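First up is the structure itself, then whatever we jot down about it.
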Amino acid sequence: MESGVNRDLPADAMFAAYTVQNLRRPVRTEDGVLLDTLRLGRLPERGVIICHGFGGNKNIRGLVALAQELSLDYTVYTFDFRGHGLSPGRSTFGYREVLDLKAVVELARGDGNRRLAALGFSMGGVVVIRYAAIYGGLDSALAVSVPADLWTARAPGARLIRLLMGNPLGRLAARLRYRVDVDPSWKRQASPLELAPLTASQPLTIIQGEDDYIFEVEQAHELKRRAGDHCRLKTFPRFGHAEQGYGPELLAYVREVLAEDLR
């Protein structure tokens, strides 16, 4: 089902190596964090930036498979958010991570991509919406498994995230559990529900699994209602959370969206 990508890895492997040619480059954010990035695929013209979720990195198995498949048609950029993988710094659960995406967008534009999409999973999806609202200029913004508002989400995983984010002991627990360098301070940020209307100059696509144990599907419908007519919503049955939902159906839909938005 993955067209041979990483076929020799055990089925339950969380992380995977890239098996296609790639270019590894560091890029520095405006607040001084040096991010580890990879570029895959065609000569730059139409680019896709893929953003992982909290606790992950650019080597999450489903993300690697998606990036390599999309690199057949696009220039694909993957990277580690601050405090994750090979990037130093401290995670702020998506708040300062918008500067990470900004740095990779500037890298991709500097490479010569005239059309550019950003696709994010969970925290990465929140960052994509945040970037589109604050900076704009994307030709396509895709967010997978994101809440409308973390503080009203009812699923068990959302309650756990609130515990981890909302107090110093929780942030310490998150650091130990997920092996992420978490900032000890907490900055409450605008919710995707508040930000979505501000993305109206760019096509926005919300993708949600009906089996998501962290954010219930009603959150995605609420986000679509608030975003308005420039927003698509696609839900999938038998689709868990974020990169775990990678498979033929997600790949086909992402390709359909990118073909329309980056044409």
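Given the structure is predicted, the values throughout are model-derived calculations rather than measurements. All heavy atoms count here, side chains included; hydrogens, waters and symmetry mates do not.
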Between [X] and [Y], is there a side-chain N and carboxylate O pair less than 4.0 Å apart?
X	Y	result
D36	K58	yes
R96	D31	no
E256	K234	no
D181	R171	no
E30	K102	yes
K224	D229	no
E69	R255	yes

Indicate the atoms forming the closest heavy-atom contact of [X] with [Y], along with that distance.
X	Y	answer
G120	V128	N-CG2, 3.7 Å
G55	V180	CA-CG2, 3.7 Å
L195	A190	CD1-O, 3.7 Å
A242	S145	N-OG, 2.8 Å
Q68	V20	OE1-N, 3.3 Å
Q219	D149	OE1-N, 3.0 Å

Within the distance-only criterion (no hydrogens, no angle test), does the side chain of [X] pair as donor or acceptor with the backbone N or O of [Y] below 3.5 angstrom?
X	Y	result
E222	A148	no
D139	A117	no
Q189	F93	yes
Q208	V144	no
N59	A17	no
E243	G53	yes
R263	E260	yes

Discussion item. Testing V104, V27, L38 one by one against F79 for a side-chain contact (heavy atoms from CB on, under 4.5 Å), which residue passes?
Written reply: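 So the option named by the test is V104.
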Give a yes or no on this: more than 12 heavy atoms of other residues, nucleotides or ligands lie within 6.0 Å of atom [atom1] of [X].
X	atom1	value
R42	CZ	no
L43	CG	no
Y253	OH	yes
R179	CZ	no

If hydrophobic clusters are built by linking Ile, Leu, Val, Met, Phe, Trp and Tyr wherever their side-chain heavy atoms come under 4.5 Å apart, do [X] and [Y] end up in the same one?
X	Y	result
L160	F54	yes
V126	L142	no
L86	L34	no
I60	V254	yes
L233	L250	no

Worksheet entry | Verdict with reasoning, Y95 to R130, per side-chain contact (heavy atoms from CB on, under 4.5 Å) | CA-CA 9 Å; Y95 182 71; R130 185 170 170 79; 3.2 Å; yes
Side chain proximity check, [X] to [Y], heavy atoms < 4.5 angstrom:
X	Y	result
V182	L172	no
P192	L223	yes
Q21	L40	no
T29	R82	yes
R25	Y77	yes
R226	P197	yes

Discussion item. Is there a ring pair (Phe, Tyr, Trp, His ring centres under 6.0 Å) between H52 and F121? Walk through the geometry before answering.
Written reply: CA-CA 5 Å; H52 65 79; F121 293 92; 9.7 Å; no
Once you round to the nearest 0.5 Å, how far does [atom1] of [X] lie from [atom2] of [Y]?
X	Y	atom1	atom2	result
D73	L258	CG	CG	9.0 Å
R28	D100	CZ	CG	12.5 Å
T78	N22	OG1	CG	7.5 Å
E210	D212	CD	CG	11.0 Å
L116	I49	CG	CD1	4.5 Å
R61	Y246	CZ	OH	10.0 Å

Discussion item. Walk me through whether F236 and I207 qualify under side-chain contact (heavy atoms from CB on, under 4.5 Å).
Written reply: CA-CA 8 Å; F236 290 101; I207 300 173; 3.8 Å; yes
Does one side chain, of [X] or [Y], offer a donor that lies under 3.5 Å from an acceptor on the other?
X	Y	result
Q202	T199	no
D261	S140	yes
Y178	S91	no
Y74	N113	no
H84	N57	no
E45	T75	no

Practice prompt. Kindly determine whether V105 and Y135 satisfy side-chain contact (heavy atoms from CB on, under 4.5 Å), including the steps that lead there.
Written response: CA-CA 11 Å; V105 166; Y135 298 106; over 6 Å; no
Discussion item. I'd like to know whether V146 forms a side-chain contact (heavy atoms from CB on, under 4.5 Å) with F215, so could you lay out the CA-CA distance, the side-chain angles of the two residues, the decisive distance to 0.1 Å, and finally the verdict.
Written reply: CA-CA 7 Å; V146 297; F215 303 126; 5.6 Å; no
